[in-house]
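The analysis underlying the following values was restricted to heavy atoms, covering all of them including side chains, and did not include hydrogens, waters or symmetry mates. Atoms within a ligand are numbered from 1 in the order they appear, just like the ligands themselves.
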Amino acid sequence: MDCLFCKIVAGEIPARKIYEDDQVLAFHDIAPQAPAHFLVIPKKHIATLHDLSEEDDKPLVGHILFVAQRLAEELGCQAGFRVVMNCNELGGQTVHHIHLHVLGQRQMHWPPG
Ligand code: AMP
Ligand code: ZN
């Protein structure tokens with residue numbers, strides 16, 4: 001599988017892991033855009049938001065969001081944080097294995113640019 005995040009899931013590429021269970025993995029972003037910046041990904045390969053199945057993946061998507069919520073609390077983002085999922089090139093996606101960005105510990109602005 002030629003996917004960077006599948007390789008992280010498989011342990012073939014190192015990552016600064018924060019949390020792991022049978023469905024998801026969370027790790028610090030290698031190029032943080034905020035003092036706190038981590039990613040929550042499903043362990044199974046799903047390329048983009050478009051490739052999620054409403055029938056099969058609804059519980060997984062909910063789980064990703066609640067893991068993000070809990071870890072944001074644990075990693076000092078109680079005052080506020082941002083979650084982002086980029087979709088496809090135009091949406092700014094560079095790694096085609098879905099991931100929720102969680103960014104915190106600095107003032108966010110809108111629009112994001
Ligand atoms: P996106 O542009 O939304 O696809 O986000 C991909 C994110 O993955 C970027 O924020 C990268 O900094 C991050 N990233 C790329 N390679 C790694 C890696 N080996 N470990 C952790 N994060 C990574
Ligand atoms: Zn993958």
Side-chain angles (χ1 to χ4, degrees):
M1 170 69 74
D2 191 26
C3 168
L4 178 65
F5 287 177
C6 281
K7 287 180 180 160
I8 288 178
V9 169
E12 293 166 15
I13 290 178
R16 289 174 57 217
K17 292 182 185 176
I18 302 165
Y19 172 80
E20 181 170 12
D21 63 28
D22 58 330
Q23 295 178 75
V24 307
L25 178 65
F27 51 95
H28 293 281
D29 196 291
I30 204 167
Q33 301 302 310
H37 183 181
F38 62 90
L39 307 174
V40 186
I41 73 169
K43 286 191 165 177
K44 81 167 179 176
H45 182 81
I46 300 169
T48 81
L49 192 52
H50 282 305
D51 299 300
L52 278 169
S53 153
E54 188 168 0
E55 193 179 322
D56 298 335
D57 297 323
K58 232 178 210 179
L60 176 63
V61 173
H63 185 52
I64 287 170
L65 200 57
F66 283 107
V67 167
Q69 179 205 57
R70 182 163 51 76
L71 294 180
E73 292 286 320
E74 290 177 10
L75 272 71
C77 300
Q78 298 89 341
F81 58 92
R82 177 170 289 174
V83 296
V84 174
M85 188 179 286
N86 298 322
C87 184
N88 280 331
E89 282 74 8
L90 197 62
Q93 185 176 8
T94 58
V95 177
H96 286 74
H97 177 134
I98 60 167
H99 46 281
L100 197 65
H101 293 261
V102 181
L103 301 112
Q105 295 180 9
R106 71 163 168 83
Q107 180 61 55
M108 297 295 159
H109 302 282
W110 198 263

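Contacts between Thr94 and ligand 1, counted as non-hydrogen atom pairs separated by less than 4.0 Å, involve both the backbone and the side chain. Of all the heavy atoms of His99, the ones lying under 4.0 Å from any atom of ligand 1 belong exclusively to the side chain.
Atoms ND1 of His97 and ND1 of His45, as seen from the Zn ion (ligand 2), are separated by an angle of 110°, to the nearest 10°.
The two residues Lys44 and Asp57 have their closest heavy-atom pair at NZ-OD1, 2.7 Å. In this structure, Met108 and Arg82 approach most closely via the heavy-atom pair CB-NH2, 3.3 Å.
The shortest contact between atom 22 (N) of ligand 1 and any protein heavy atom is with Ile30 N, 3.2 Å.
Under a 4.0 angstrom heavy-atom cut-off, His28 registers as being in contact with ligand 1. In this structure, Ala15 falls outside the shell of residues with a heavy atom less than 4.0 angstrom from ligand 1. In this structure, Arg16 does not count as a contact residue of ligand 1, since none of its heavy atoms falls inside 4.0 Å of the ligand. Under a 4.0 Å heavy-atom criterion, Leu39 is in contact with ligand 1.
Close approach to Phe5 involves these atoms of ligand 1, each under 4.0 Å from a residue heavy atom: 8 (O). Close contacts of ligand 1 with Val95, meaning ligand atoms under 4.0 Å from a residue heavy atom, involve 4 (O), 6 (C). Annotation for ligand 1: atoms under 4.0 Å from non-hydrogen atoms of Ala31 are 12 (O). Below 4.0 Å from some heavy atom of Phe27 lie the following atoms of ligand 1, by number and element: 21 (C), 22 (N). For ligand 1, the atoms closer than 4.0 angstrom to any heavy atom of His101 are 1 (P), 3 (O), 5 (O), 7 (C), 10 (O).
Side-chain atoms of Val40 and Ile18, non-hydrogen and from C-beta on, never get closer than 4.5 Å to each other. The side-chain heavy atoms of His45 and Asp51, taken from C-beta on, include no pair separated by under 4.5 Å. With a 4.5 Å cut-off on side-chain heavy atoms, Lys7 and Asp2 count as touching. Using a 4.5 Å cut-off on side-chain heavy atoms (C-beta onward), Asn88 and His96 make contact. Put simply, the side chain of Ile98 reaches to within 4.5 Å of the side chain of Leu52, judged on heavy atoms.
Relative orientation of the His37 and His101 rings is tilted, given thresholds of 30° and 60° on the angle between their planes.
Here Cys6 reaches the Zn ion (ligand 2): one of its N/O/S atoms is less than 2.8 Å from the metal.
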Evaluate ring pair (Phe, Tyr, Trp, His ring centres under 6.0 Å) for Phe27 paired with Phe5, printing each intermediate quantity in order.
CA-CA 10 Å; Phe27 51 95; Phe5 287 177; 5.4 Å; yes

Take Tyr19 and Glu74 through the side-chain contact (heavy atoms from CB on, under 4.5 Å) test and state the conclusion after the steps.
CA-CA 11 Å; Tyr19 172 80; Glu74 290 177 10; over 6 Å; no

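Across the listed options Asp29, Ile41, Leu4, Ile13, Asp29 owns the non-hydrogen atom lying nearest to atom 9 (C) of ligand 1.
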